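Take a look at the structure below.
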Amino acid sequence: MQYHGSCHCGAVEYQVEGQLDSVLSCNCSICSRRGYLLWFVPASALTFSKAGALTSYTFNSHKIKHQFCPVCGCAPFGLGVDPQGNQTAAVNVRCLTDVDLNALQVHHYNGKDA
């Protein structure tokens with residue numbers, strides 16, 4: 001299934017293809033502050049219809065490039081590499097349209113202690 005997402009101001013608009021059944025809620029310092037609900041997909045599943053200027057933020061091990069819009073501050077996704085070496089996108093499902101968040105299974109990850 002294809003989902004559509006954007007930042008708050010609309011400078012960045014994208015589509016992501018895949019089966020969205022569950023998300024990850026992490027309690028690390030950035031995820032807990034931003035309220036992310038993350039869906040991990042191959043980076044190739046993420047395409048842009050409007051690619052405004054994104055800003056990237058990394059911290060700790062610098063493995064994930066957290067992308068955010070410099071205009072509205074919204075953080076729609078992050079980019080990184082999974083443990084097998086595959087390019088991966090961590091999509092913030094809160095930035096997708098027409099997704100019933102209550103219907104998703106939420107897996108909790110203890111990133112604070114990882």
Side-chain angles (χ1 to χ4, degrees):
M1 182 170 199
Q2 188 176 74
Y3 297 90
H4 299 275
S6 69
C7 64
H8 188 259
C9 72
V12 176
E13 295 178 2
Y14 58 94
Q15 296 77 42
V16 60
E17 186 79 32
Q19 185 61 41
L20 177 56
D21 296 321
S22 64
V23 293
L24 182 123
S25 176
C26 176
N27 66 354
C28 79
S29 59
I30 194 165
C31 290
S32 62
R33 283 175 173 80
R34 290 211 161 235
Y36 289 138
L37 286 177
L38 299 173
W39 174 34
F40 291 87
V41 297
S44 61
L46 184 66
T47 58
F48 296 91
S49 51
K50 193 173 178 185
L54 288 166
T55 299
S56 183
Y57 175 71
T58 63
F59 69 103
N60 194 11
S61 65
H62 301 278
K63 291 182 180 177
I64 300 173
K65 294 180 177 119
H66 299 272
Q67 304 294 306
F68 65 95
C69 175
V71 177
C72 66
C74 194
F77 60 91
L79 299 172
V81 178
D82 71 13
Q84 293 75 36
N86 302 307
Q87 296 293 318
T88 303
V91 176
N92 182 1
V93 298
R94 293 186 186 274
C95 294
L96 300 177
T97 57
D98 301 322
V99 172
D100 181 4
L101 298 178
N102 293 322
L104 299 173
Q105 182 179 13
V106 179
H107 298 281
H108 296 276
Y109 177 74
N110 186 6
K112 186 186 294 187
D113 295 328

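All values below were derived from every heavy atom in this structure, side-chain atoms included, with hydrogens, water molecules and symmetry-related copies excluded. Every value quoted in this text rests on a predicted model; they were computed, and no experiment measured them.
With respect to L101, the side chain to side chain contact (heavy atoms under 4.5 Å, CB included) criterion is satisfied by exactly one of V93, L96, V23: V93.
In this model, no donor atom of one side chain and acceptor atom of the other lie less than 3.5 Å apart for Q84 and N86.
Across all non-hydrogen atoms, the minimal contact from C95 to P76 is SG-CA, 3.6 Å. Of all the heavy atoms in G111 and N27, the pair that sits closest is N-OD1, 2.8 Å. Heavy atoms only, all atoms of each residue included: C9 and C69 are closest at SG-SG, 3.8 Å. For the residue pair H62 and N60, the shortest heavy atom distance occurs at CD2-O, 3.1 Å.
The shortest distance between side-chain heavy atoms of S29 and F59 falls below 4.5 Å.
D100 CG: more than 12 foreign heavy atoms inside a 6.0 Å radius. Taking a 6.0 Å sphere around NE2 of H8, one finds it holds 12 or fewer heavy atoms contributed by other residues, nucleotides or ligands.
In this structure, F48 is not a member of the same hydrophobic cluster as F68, with clusters built from ILVMFWY side-chain heavy atoms closer than 4.5 Å. Follow the hydrophobic side-chain contacts under 4.5 Å out from L104 and you reach V91 in the same cluster. When hydrophobic clusters are built by joining Ile, Leu, Val, Met, Phe, Trp and Tyr residues whose side-chain heavy atoms come closer than 4.5 Å, directly or via intermediates, L54 is not grouped with V71. Y36 and V12 fall into different hydrophobic clusters, defined by Ile, Leu, Val, Met, Phe, Trp and Tyr side-chain heavy atoms under 4.5 Å apart, directly or through other members. F77 and V106 fall within the same hydrophobic cluster, defined by Ile, Leu, Val, Met, Phe, Trp and Tyr side-chain heavy atoms under 4.5 Å apart, directly or through other members.
Atom CD in E17 sits 9.0 Å away from atom OH in Y3 (nearest 0.5 Å). The CG atom of L79 sits 7.0 Å away from atom CG of L46, with the distance rounded to the nearest 0.5 Å. Note that CG of D113 and SG of C28 are 11.0 Å apart. Values are rounded to the nearest 0.5 Å. Taking CD of Q15 as the reference point, atom OG of S6 lies at 10.5 Å (rounded to 0.5 Å). Rounded to the nearest 0.5 Å, atoms OG1 (T58) and CD1 (I64) are 10.5 Å apart. Taking OG from S49 and OH from Y14, the interatomic distance works out to 10.5 Å, rounded to the nearest 0.5 Å.
Remark: the backbone N or O of T88 is not paired with any side-chain donor or acceptor of D82 at under 3.5 angstrom. Judged by distance alone, the side chain of S56 and the main-chain N or O of K65 form no donor-acceptor pair under 3.5 Å. Of the possible donor and acceptor atoms, none in the side chain of N92 sits under 3.5 Å from a partner among the backbone N and O of L38.
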